[in-house]
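Values below: every heavy atom of this structure, side chains too, minus hydrogens, waters and symmetry copies. Note that the structure is predicted; figures quoted are calculated from it, not measured. This chain uses plain numbering: 1 for the first residue, then up along the sequence.
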Amino acid sequence: MQIQVKCSCGAECPEWAIVELQGVVEVQPALQDRLQNLVIGQLCRNSSQENYTFTVGYHELTGSKVTLKKPLLVLKKVKYMDVDQGSDDQSASKVELDVIGIIRHKILFKNRPKALISKPEPVVKERANAAGSSVLN
């Protein structure tokens with residue numbers, strides 16, 4: 001079987017990236033049925049460098065952008081019914097792979113995550129004294 005690969009995105013395909021994590025991302029049992037379009041965290045890029053921060057819950061990962069040795073294509077499988085074969089062979093179909101993106105980089109998070117622990121704001125005595133002194137005057 002011959003499979004044709006074509007690019008219908010015009011002159012240039014959109015750039016995609018791979019996010020590579022070390023470890024396992026576990027989904028809560030209540031969310032098992034709703035994995036499609038599930039937001040698991042927030043990915044931010046440091047504008048001055050090629051450093052990235054990925055925050056998942058109370059964990060923060062720091063990573064960097066790495067160029068892949070060989071680029072990868074993101075493909076979509078398209079099936080067509082082959083009308084040239086005749087009505088005797090019903091299983092005759094034509095398969096094409098459509099290029100929808102190209103991956104040249106990955107964002108690699110290879111270090112252990114940093115725990116984000118929020119602490120209550122400490123009460124500053126100077127502010128409390130300043131507010132009290134202005135009431136006395």
Side-chain angles (χ1 to χ4, degrees):
M1 173 194 267
Q2 183 179 12
I3 300 176
Q4 295 181 355
V5 178
K6 67 175 187 171
C7 184
S8 62
C9 31
E12 211 168 306
C13 290
E15 283 274 333
W16 289 35
I18 297 175
V19 176
E20 184 176 331
L21 302 171
Q22 305 298 319
V24 178
V25 177
E26 293 182 2
V27 180
Q28 296 175 353
L31 299 174
Q32 285 290 340
D33 299 334
R34 298 179 277 157
L35 290 179
Q36 183 107 10
N37 297 325
L38 178 67
V39 177
I40 62 169
Q42 182 176 4
L43 179 66
C44 298
R45 181 176 66 103
N46 186 352
S47 61
S48 64
Q49 301 173 0
E50 289 295 322
N51 292 334
Y52 291 82
T53 304
F54 187 44
T55 306
V56 180
Y58 295 108
H59 303 284
E60 182 179 82
L61 296 113
T62 305
S64 59
K65 188 175 183 180
V66 178
T67 304
L68 297 174
K69 292 179 183 178
K70 294 182 180 179
L72 301 172
L73 293 177
V74 181
L75 303 172
K76 180 180 176 183
K77 186 176 183 179
V78 181
K79 288 186 179 181
Y80 297 106
M81 294 305 295
D82 198 1
V83 293
D84 294 338
Q85 293 292 330
S87 60
D88 294 339
D89 190 12
Q90 294 181 3
S91 64
S93 64
K94 185 178 178 183
V95 176
E96 288 185 354
L97 297 176
D98 193 14
V99 178
I100 59 173
I102 187 164
I103 302 171
R104 290 190 175 100
H105 300 92
K106 69 179 175 181
I107 303 169
L108 178 62
F109 297 97
K110 60 182 178 181
N111 297 328
R112 289 187 162 273
K114 182 175 84 172
L116 299 176
I117 302 173
S118 60
K119 297 180 183 177
E121 282 190 32
V123 177
V124 180
K125 293 182 180 180
E126 294 175 11
R127 287 185 185 170
N129 290 340
S133 64
S134 62
V135 174
L136 295 176
N137 287 341

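I100 CD1 to W16 CH2: the interatomic distance, rounded to the nearest 0.5 Å, is 4.5 Å.
Shown here are the side chain to side chain contact (heavy atoms under 4.5 Å, CB included) partners of K69, two or more places apart in sequence or in another chain: there are none. Every residue was checked against the side chain to side chain contact (heavy atoms under 4.5 Å, CB included) condition with K70, not counting sequence neighbours, and none meets it. Listed by chain and residue number, nothing satisfies the side-chain hydrogen bond (donor to acceptor under 3.5 Å, both in side chains) test with R112 (two or more places apart in sequence, or in another chain). Remark: N111 engages no residue in a side-chain hydrogen bond (donor to acceptor under 3.5 Å, both in side chains) (not counting sequence neighbours).
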When the side chains of residues 53-64 are checked against the rest of the protein, which donor-acceptor pairs come out under 3.5 Å, sequence neighbours left out?
{"unit_1": "E60", "atom_1": "OE1", "unit_2": "K114", "atom_2": "NZ", "d": "3.4"}

Extract all donor-acceptor atom pairs below 3.5 Å that involve side chains of residues 102-110 and protein atoms in other chains or at least two apart in sequence.
{"unit_1": "R104", "atom_1": "NH1", "unit_2": "E15", "atom_2": "OE2", "d": "2.3"}
{"unit_1": "K106", "atom_1": "NZ", "unit_2": "E20", "atom_2": "OE1", "d": "2.9"}

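Hydrophobic clustering places I40 together with L21 (ILVMFWY residues linked when any side-chain heavy atoms are closer than 4.5 Å, directly or through intermediates).
For the pair V99 and L75, the minimum side-chain heavy-atom distance is below 4.5 Å.
The shortest heavy-atom contact between L97 and K77 is CD2-CA, 3.8 Å.
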